Colleague: 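Would you mind keeping the following structure in view while I ask a few things?
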Amino acid sequence: MSLEEFNAMPVKAAVSKNAIPAMCTMLLFLVYNLADTLFIGMTHDPLQLAAISLTTPLFTMFSAVSNIFGMGGTSVISRAMGQKRTEYTKR
C-alpha cells in the first residue's frame with residue numbers, strides 16, 4: 001500500500017489495518033507457547049518443563065521490547081506524515 005492510499009483511508013480503517021495483524025501475532029505467540037508447554041509437559045521431564053518455564057518470560061520480554069520499538073516507529077512515521085515530511089517518512 002502506498003503512502004497516498006494510507007493517507008486517504010478513514011482513521012478507523014487505518015487503525016484496524018495495523019491493529020488486527022498485531023493482535024493476530026500476539027494470539028499466535030500465545031498459542032505457540034501453550035503448544036510448547038503441552039508437548040514438553042507430556043515428556044514428564046521436570047528439567048525440560050523448568051527450562052521452558054524460565055525461558056517463556058524472557059521470550060515474552062523480547063517480544064514486548066520489539067513491540068515497543070514497532071509502536072514507537074509507527075508514532076514517528078505518523079507524526080512525520082502529519083507534518084507532510086514525505087522524504088523523512090519514506091526513510
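No experiment lies behind these values; they were computed from the predicted model shown. All values below were derived from every heavy atom in this structure, side-chain atoms included, with hydrogens, water molecules and symmetry-related copies excluded.
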Colleague: Going by the rule ring pair (Phe, Tyr, Trp, His ring centres under 6.0 Å), which residues pair with Y88 if we only count those two or more places apart in sequence or in a different chain?
Modeller: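 If we apply the ring pair (Phe, Tyr, Trp, His ring centres under 6.0 Å) test to Y88, skipping adjacent residues, there are no hits.
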Colleague: Look up atom OG1 in T55 and atom CG in N33, then write down how far apart they are to the nearest 0.5 Å.
Modeller: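 One gets 8.0 Å once the value is rounded to the nearest 0.5 Å.
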Colleague: To the nearest 0.5 Å, what is the distance between OG1 on T74 and CE on M81?
Modeller: 11.0 Å
Colleague: Find the distance between CE (M23) and OG (S16) and round it off to the nearest 0.5 Å.
Modeller: 8.5 Å
Colleague: To the nearest 0.5 Å, how far apart are CG in L54 and CG in L58?
Modeller: 8.0 Å
Colleague: State the CG-CZ distance between N67 and F69, to the nearest 0.5 angstrom.
Modeller: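 One gets 11.5 Å once the value is rounded to the nearest 0.5 Å.
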Colleague: How far does NZ of K12 sit from CE of M9, to the nearest 0.5 angstrom?
Modeller: 14.5 Å
Colleague: Is it the case that the side chain of S63 and the backbone of F59 share a donor-acceptor pair, with hydrogens and angles ignored and the cut-off at 3.5 Å?
Modeller: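 It does not hold such a pair.
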Colleague: I'd like a table of donor-acceptor pairs (distance under 3.5 Å, sequence neighbours excluded) in which one partner is a side-chain atom from residues 44-53, with atom names and distances.
Modeller:
residue : atom : partner : partner atom : Å
D45     : OD1  : L47     : N            : 3.3
Q48     : OE1  : T43     : OG1          : 3.3
S53     : OG   : L49     : O            : 2.8

Colleague: In a table with atom names and distances, give each donor-acceptor pair under 3.5 Å that connects a side chain of residues 24-31 to protein atoms at least two apart or in another chain.
Modeller:
residue : atom : partner : partner atom : Å
T25     : OG1  : P21     : O            : 2.8

